[in-house]
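Here the structure comes first, spelled out in structure tokens, and everything after it is commentary.
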There are 2 protein chains.
Amino acid sequence: MSKIEIKHLNKRLIGSKENILNDINLTFDGEKIYGLFGQNGAGKSTLMSLIADYNKTTSGEILLDGQEIHNNQALINKVYYMNQMDMFPKHEKLEKLFKMISNIYPDYDLSLQKELINKFNVDIKKTFNSLSTGYKSIVKIIISLCVPCEFILLDEPTLGLDARNREVFYRELIASYSKNPRTFIISTHIIEEVDQIINEVVFIKDGRVKINNSVDDIRSQSYSVSGPAEDVDSYVQGIHILEKDRLGRYETVHFMHELPENPRPESVDVEKMKLQKLLVYIMNSEEVE
Amino acid sequence: MSKIEIKHLNKRLIGSKENILNDINLTFDGEKIYGLFGQNGAGKSTLMSLIADYNKTTSGEILLDGQEIHNNQALINKVYYMNQMDMFPKHEKLEKLFKMISNIYPDYDLSLQKELINKFNVDIKKTFNSLSTGYKSIVKIIISLCVPCEFILLDEPTLGLDARNREVFYRELIASYSKNPRTFIISTHIIEEVDQIINEVVFIKDGRVKINNSVDDIRSQSYSVSGPAEDVDSYVQGIHILEKDRLGRYETVHFMHELPENPRPESVDVEKMKLQKLLVYIMNSEEVE
């Protein structure tokens, strides 16, 4: 199984005094789905562009199966980078655009492309330029799922997509991954929607990796406890609560901690915390260093 | 108070056989905040571009205080349209870009601009082109809130913004509106975040207006009922339930209907439904005709 290793990577933009990425050390193992999170300006897109060799590192290494990706066309061909730049011929009809791209890749999945064009209701007689923001994203998503690359980097793939189309995308991503396991790295600000999809979390803050862990590890000790407010409060007494949701007399409290030793009132229920709540908390927390 | 009236508007794109907008009749009253909703490709951006006279209607009228906006520069100046096209000089530093725009508008709010640049952590030494997707949206948002126009059209203003910056935007929008009431029309796919902000809902489907109503009216008969599952179920028996959320033994059911006549068990609580749940339901519903 292929993997990408990043070692002591630094990136400074020309004319800038500060690194936009600082001493990044990461491994992207084969056949996993990574969520790449971080605030606006954290360096997510820069990192992706470096992996895809759109850009040159200031120092450090990016290796694919032990070899430097930079300037190695055979390796670069294994990485597909969907991003916010509109690099397609703008005035060509989509049918021609799809044909051009499928001609570049020998094993491009034409039957999946046809299926996705239907599912997303894409009108292939339109030009790329005439598409709405959402449909520009959809065309890019379709191509990303059909190229025969081992590493697919998706930079905010759901930008401008409505709720229905986001759902179609998540479903098709999972279907495509199940049929043909490969590595996805997905950056997004809609964490609550990808928490069912990703296996691994990478969180970048101010150009540094703050979290690099599996979803299972992150969720191992985090709970949501619900029931009548007074019973819940007495049960979780002494535990540091991250958040409390209240509806009428019933409440749900969320915490990262072992379960309390207090006896659990019969009226109180315990579940694992949703990844999204957990990530939002961890990301907002200033304690993460 | 100024208002915009749209009468029997149709729009067909050149070379297309179908209208993208069909017999649109809408009034945007002064000093209200409108949410403009609809799926990808529904025609939201097209409608905004017509109001701002970026585009010409196929037939019908768009009036501002009774006069046609089209080709009337004095009226066009009252409308600001923030959109996904990047029409700014790409290689100029932001400080110069901000200066250019403030020079166009006599009463541009320079002090608010300064405040927002700080709150969003914008580096004005950067060029527009070098910004991340999120920061391009932020620069456009800042300008939209500072221009002295009576009608501000925001086409997916939060595109690419992280959770923190979305929050800053919503807060600043409300603050700016409270200080200087004017009309906002906001399109977005993140309905759950704007339901506290908007007063009016316009929902477009397949180029037609399906909902055009105040938030208060929409919410007038819609409830969320929570408590132990068996008590809730017996209380709401016979009512058509839109959705049920369950956590352990407790559940919340949502419906659009008068409250049941059954006696309410003491363990059961009743609240108004959240606008978001309601809108998502209405929008997904095929019954809306």
Side-chain angles (χ1 to χ4, degrees), chain A residues 13-16 37-46 83-85 120-123 125-127 130-138 155-156 158-166 188-192 224-228 245 247-252 266-271 280 283-284, chain B residues 13-16 37-46 83-85 120-123 125-127 130-138 155-156 158-166 188-192 224-228 245 247-252 266-271 280 283-284:
Chain A
L13 299 179
I14 297 165
S16 171
F37 304 113
Q39 295 188 336
N40 291 131
K44 304 182 296 295
S45 301
T46 303
N83 60 71
Q84 296 318 319
M85 287 175 282
F120 283 113
N121 295 318
V122 177
D123 179 354
K125 298 290 177 193
K126 288 191 175 171
T127 63
S130 73
L131 300 178
S132 67
T133 310
Y135 268 99
K136 282 181 181 157
S137 290
I138 286 170
D155 195 353
E156 301 196 44
T158 59
L159 211 71
L161 260 60
D162 63 40
R164 177 195 162 273
N165 282 327
R166 292 201 300 274
T188 179
H189 293 294
I190 317 189
I191 303 167
E192 60 270 35
S224 297
V225 168
S226 59
D245 300 326
L247 193 80
R249 276 163 291 171
Y250 299 90
E251 72 178 16
T252 304
E266 235 186 83
S267 58
V268 164
D269 289 304
V270 171
E271 298 191 350
V280 169
M283 288 179 195
N284 287 335
Chain B
L13 298 180
I14 296 166
S16 172
F37 304 113
Q39 294 187 339
N40 291 132
K44 304 182 296 295
S45 300
T46 304
N83 60 72
Q84 297 316 321
M85 288 175 280
F120 283 112
N121 294 317
V122 176
D123 180 354
K125 299 289 178 195
K126 288 191 174 170
T127 63
S130 73
L131 299 178
S132 68
T133 310
Y135 267 99
K136 281 181 181 157
S137 291
I138 287 170
D155 195 354
E156 301 196 42
T158 58
L159 211 72
L161 259 61
D162 63 39
R164 178 194 161 274
N165 281 328
R166 291 202 299 274
T188 178
H189 293 294
I190 317 186
I191 303 168
E192 61 271 35
S224 298
V225 169
S226 60
D245 300 326
L247 194 78
R249 277 163 292 170
Y250 298 90
E251 73 177 15
T252 305
E266 235 186 83
S267 58
V268 164
D269 289 304
V270 171
E271 297 192 351
V280 169
M283 288 177 196
N284 287 337

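Chain identifiers are assigned alphabetically (A, B, ...) following the order of the sequence lines, protein sequences preceding nucleic acid strands; residue numbering begins at 1 within each chain.
- Minimum interatomic distance between Ser132(A) and Gly41(B) (heavy atoms only, all atoms of both residues): OG-N, 4.1 Å.
- When heavy atoms are compared at a cutoff of 4.5 Å, Leu13(A) does not approach chain B at all.
- Of the two parts of Thr252(A), only the side chain, counted from C-beta on, holds a non-hydrogen atom closer than 4.5 Å to a non-hydrogen atom of chain B.
- Val268(A) touches chain B through its backbone: at least one of N, CA, C or O sits under 4.5 Å from a heavy atom, while the side chain does not.
- Note that the CD atom of Glu156(B) and the CG atom of Leu159(A) stand 8.0 Å from one another [nearest 0.5 Å].
- Note that CG of Leu131(A) is 12.0 Å distant from OG of Ser45(B), once rounded to the nearest 0.5 Å.
- Shown here are the ring-ring contact (aromatic ring centres under 6.0 Å, His included) partners of Phe37(B), two or more places apart in sequence or in another chain: there are none.
- Judged purely by atom type and a 3.5 angstrom limit, Asp269(A) uses its side chain to pair as donor or acceptor with the backbone of Arg249(B).
- Of the listed residues (Gly38(A), Ser224(A), Gly227(A)), the greatest number of heavy-atom pairs within a distance under 4.5 Å of chain B belongs to Gly227(A).
- A side-chain donor-acceptor contact under 3.5 Å links Tyr250(B) to the backbone of Ser267(A).
- Top candidate by heavy-atom pairs under 4.5 Å with chain B, chosen from Gly160(A), Gly134(A), Ser130(A), Ala42(A), is Gly160(A).
- Of the possible polar contacts, one joining the Asp162(B) side chain to the Asn40(A) backbone as a donor-acceptor pair under 3.5 Å is found.
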